There are 4 protein chains.
Amino acid sequence: MPARADAQRNRARILAAAEEVFTELGPTASTEEVARRAGVAIGTVFRHFPTKRDLLVAIVKDLMARLADEVAALAAEGDPATAFFDFFTRVVDQAAAKKSVVDLLAESGIALDVADPLDSLGQAIGALLAGAQAAGAVRADVRLDEVMALLTALSQAALRAGWDADLRRRTLAVIHAGFRPVAGVS
Amino acid sequence: MPARADAQRNRARILAAAEEVFTELGPTASTEEVARRAGVAIGTVFRHFPTKRDLLVAIVKDLMARLADEVAALAAEGDPATAFFDFFTRVVDQAAAKKSVVDLLAESGIALDVADPLDSLGQAIGALLAGAQAAGAVRADVRLDEVMALLTALSQAALRAGWDADLRRRTLAVIHAGFRPVAGVS
Amino acid sequence: MPARADAQRNRARILAAAEEVFTELGPTASTEEVARRAGVAIGTVFRHFPTKRDLLVAIVKDLMARLADEVAALAAEGDPATAFFDFFTRVVDQAAAKKSVVDLLAESGIALDVADPLDSLGQAIGALLAGAQAAGAVRADVRLDEVMALLTALSQAALRAGWDADLRRRTLAVIHAGFRPVAGVS
Amino acid sequence: MPARADAQRNRARILAAAEEVFTELGPTASTEEVARRAGVAIGTVFRHFPTKRDLLVAIVKDLMARLADEVAALAAEGDPATAFFDFFTRVVDQAAAKKSVVDLLAESGIALDVADPLDSLGQAIGALLAGAQAAGAVRADVRLDEVMALLTALSQAALRAGWDADLRRRTLAVIHAGFRPVAGVS
DNA sequence: CATGAATGAGGTTTCATTCAT
DNA sequence: AATGAATGAAACCTCATTCAT
């Protein structure tokens with residue numbers, strides 16, 4: 001199967017173009033624009049992703065896999081007490097530069113069970129959270145659910161006009177303070 | 001001006017229908033659907049709101065005015081120490097039932113200076129915040145900017161599938177904790 | 001019937017506004033624009049002219065009546081040998097400043113039998129032509145038909161971009177030469 | 001490029017249908033009607049001509065190219081003394097059967113510099129005129145400007161109701177006489 | 001009679017998707 | 001498997017005309 005190589009390369013190029021296009025123009029951008037930037041014909045896009053929705057889902061999955069890798073790396077190397085906060089900050093900062101996972105997912109109204117704890121991203125973040133809690137850096141009663149929820153909410157919000165680095169920092173400070181154990185409470 | 005009565009009734013019905021429709025289907029819902037639900041012909045919608053964008057803006061303004069009223073009422077009657085937290089909770093809870101101000105605004109990409117402190121809603125919330133800070137219920141270094149940002153982020157997030165009352169409560173608990181003064185710090 | 005005065009004044013204002021509007025924007029201009037410029041409501045326009053077509057026809061009739069008056073005046077006072085040419089020139093020059101009779105009529109595809117010799121304008125121009133022929137200034141075999149046709153054609157053409165006074169003059173010179181008796185032919 | 005054949009055939013059919021439709025119904029005819037007569041879907045028309053204006057322009061260009069070819073043929077073969085008059089007559093006669101170049105152009109308000117002497121049609125007609133002038137069949141002081149202007153005016157006028165072959169002939173006779181040198185003037 | 005809001009067909013244009021080449 | 005032309009259902013918006021006030 002020699003032609004398979006071309007097909008795989010095309011799939012990757014389409015995915016990359018789609019991420020770029022939907023990032024710039026939102027999920028209502030036209031599929032033609034994706035094809036144009038990928039340098040393929042529109043038919044090729046639909047051969048790989050029979051529906052626009054399929055394309056959106058593929059992007060989201062792709063981005064989530066990459067994020068999960070990052071989390072795993074952080075968990076493996078870093079100080080559990082800070083890894084959790086670092087990750088949280090990093091995701092939101094990234095989102096400010098570029099629409100993230102969570103955003104596309106949210107905007108396109110596609111339900112993908114992001115918060116499903118069995119999901120690999122969820123699991124990875126869960127591990128980070130558990131580490132931070134074990135290190136006493138995060139209150140014990142904080143659950144993965146609300147962490148994911150806040151991550152989602154802030155990542156999406158960070159894209160909006162008016163959210164500069166300073167506003168992001170101050171907003172994150174509130175969230176971080178909210179996660180920390182109350183002083184004087186053992 | 002006898003015929004004005006009809007026009008005003010229609011304008012109100014269109015606005016109500018539009019709020020409903022865009023709430024259910026997002027800002028990409030068709031203007032025809034709005035007309036259908038308002039029980040008027042499509043031309044009538046365009047007579048009142050020459051552009052779809054105009055309709056979106058009108059809804060947002062309407063919702064913001066209503067919210068500002070609520071805030072003012074809260075500020076007038078309640079305990080400054082709790083009014084701020086109550087309001088925050090109420091807005092997010094409302095958003096869960098129905099897309100709020102902030103959401104439509106954000107989704108439709110309309111810039112309306114919500115966070116502008118001169119804006120009436122911003123001013124009202126600012127007063128609430130100042131009251132809570134004066135009462136020692138909120139850290140003094142918290143600024144209106146991040147309050148608005150978190151309000152926006154959570155309101156929008158609260159609409160998403162998976163956000164039930166419990167998740168909302170726990171997420172808000174994190175935020176509220178983040179606003180409170182650190183125990184032991186004067 | 002005291003209200004009749006208002007009605008007549010409105011009719012005149014609508015007609016004037018319509019002439020202006022269709023002159024500026026062509027016969028596809030909206031009836032609303034006519035109403036706006038006439039300072040009346042759209043319903044009033046339709047009460048006077050049940051159809052847009054009726055409005056166009058009325059304008060044409062109005063303009064034709066005015067033109068016919070001019071022709072009659074010219075015929076009464078002027079030198080038969082030059083009156084004809086003068087008139088021809090005047091109509092075309094007027095058309096350059098303002099869409100004329102013939103133009104609106106032609107553009108809107110309304111058949112109104114302009115060339116009907118029983119029509120007052122046709123009769124007036126016919127008189128002018130006869131005078132010029134009697135004076136030997138125009139060839140005897142020229143008929144009213146082609147005079148009207150050329151008048152129509154040139155009037156309409158004169159409105160177009162690129163027709164300045166000089167082009168108009170030279171084009172008219174050709175036509176005038178075409179009407180004159182051939183030198184040496186009795 | 002295998003699929004190109006269909007596209008080219010469709011483009012031609014759309015152009016032909018458009019010429020027919022706009023000829024019959026004027027430039028305000030609907031693009032849908034064009035699609036219907038071309039036997040294609042509405043989207044196909046817009047793939048080839050992204051705007052209605054583009055379609056109009058394409059027709060005009062097409063017609064002008066055809067006319068320019070005719071003029072060139074006439075100039076190559078015929079007697080310079082008569083070629084000019086023949087051409088003039090032919091264009092006007094054609095216009096009577098079918099809206100011509102000049103007409104669509106004029107009615108649609110598209111500026112295309114028809115009279116631009118560098119334009120191929122203008123050049124071709126200019127050659128015809130020069131030939132006729134060299135042969136002494138047309139006055140030396142006649143310029144291309146007024147020839148084009150009269151051609152335009154008459155072609156357009158010839159479409160109107162009431163212009164039968166006889167009226168056309170007599171109108172052209174006036175124009176032709178206007179072009180000819182005055183007898184006795186060297 | 002005048003008003004101006006309401007109507008609704010129709011126009012141009014976009015775009016996800018199909019399919020002949 | 002890739003191409004890109006064709007499809008056709010909406011979408012947004014305009015406007016002649018009607019009709020309640």
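Remember, it's a predicted structure, so these values are computed and weren't measured experimentally. First the proteins, then the strands, lettered A, B, ... as listed; each starts at 1.
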Visitor: Once you round it to whole Å, what is the distance between P of dA6(F) and CZ of F49(D)?
Guide: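 For the pair F49(D) CZ and dA6(F) P, the rounded distance is 11 Å.
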Visitor: Is the shortest side-chain N to carboxylate O distance from E19(A) to R66(A) below 4.0 Å?
Guide: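 A salt bridge links E19(A) with R66(A).
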Visitor: From dT18(E), dA6(E), dA5(F), pick the nucleotide closest to the side chain of F46(A)?
Guide: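 Closest of the options to the side chain of F46(A): dT18(E).
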Visitor: Quick check for you: among dG8(E), dC13(F), dA2(F), whose closest atom lies nearest to any side-chain atom of R47(A)?
Guide: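 Selected nucleotide: dA2(F).
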Visitor: Closest-nucleotide mapping onto DNA chain E: is P50(A) or E32(C) further toward the 5' terminus? I mean the 5' end.
Guide: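 Result: E32(C).
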Visitor: OP1 or OP2 of dA16(E) versus the side-chain N and O atoms of T31(A): is any pair under 4.0 Å?
Guide: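 Looking at the OP1 and OP2 atoms of dA16(E), one of them is under 4.0 Å from a side-chain N or O of T31(A).
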Visitor: Counting only side-chain nitrogens and oxygens, does H48(C) get under 4.0 Å of the OP1 or OP2 atom of dC1(E)?
Guide: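 No, because none of the side-chain N or O atoms of H48(C) sits under 4.0 Å from OP1 or OP2 of dC1(E).
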Visitor: Please classify the nucleic acid contact of S30(D) as base, sugar-phosphate, or nothing, using heavy-atom distances under 4.0 Å.
Guide: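 Result for S30(D) = sugar-phosphate.
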Visitor: Tell me which of I42(C) and T51(D) sits closer to the 5' end of DNA chain E, going by the nucleotide each one is nearest to.
Guide: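 Residue closer to the 5' terminus by nearest nucleotide: I42(C).
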Visitor: Starting at CG of N10(B) and ending at C1' of dA20(F), how long is that distance when rounded to a whole Å?
Guide: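 Rounded to the whole Å, the gap is 12 Å.
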Visitor: With a 4.0 Å cut-off on heavy atoms, is A29(C) in touch with a base, just the backbone sugar-phosphate, or nothing at all?
Guide: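 Sugar-phosphate contact only - A29(C) comes under 4.0 Å of backbone atoms but never of a base.
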Visitor: Check for a donor-acceptor pair, side chain of S30(B) on one end and backbone N or O of E33(B) on the other, with a separation under 3.5 Å.
Guide: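 Indeed, once roles are kept as given, a pair shorter than 3.5 Å links the two residues.
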Visitor: Figure out the CG/C1' separation between D6(D) and dA5(F), and round it to whole Å.
Guide: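 Rounded to whole Å, this separation is 8 Å.
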Visitor: Apply side chain to side chain contact (heavy atoms under 4.5 Å, CB included) to residues K52(D) and F46(D) and explain how you reach the verdict.
Guide: CA-CA 8 Å; K52(D) 187 180 186 176; F46(D) 278 89; 5.5 Å; no
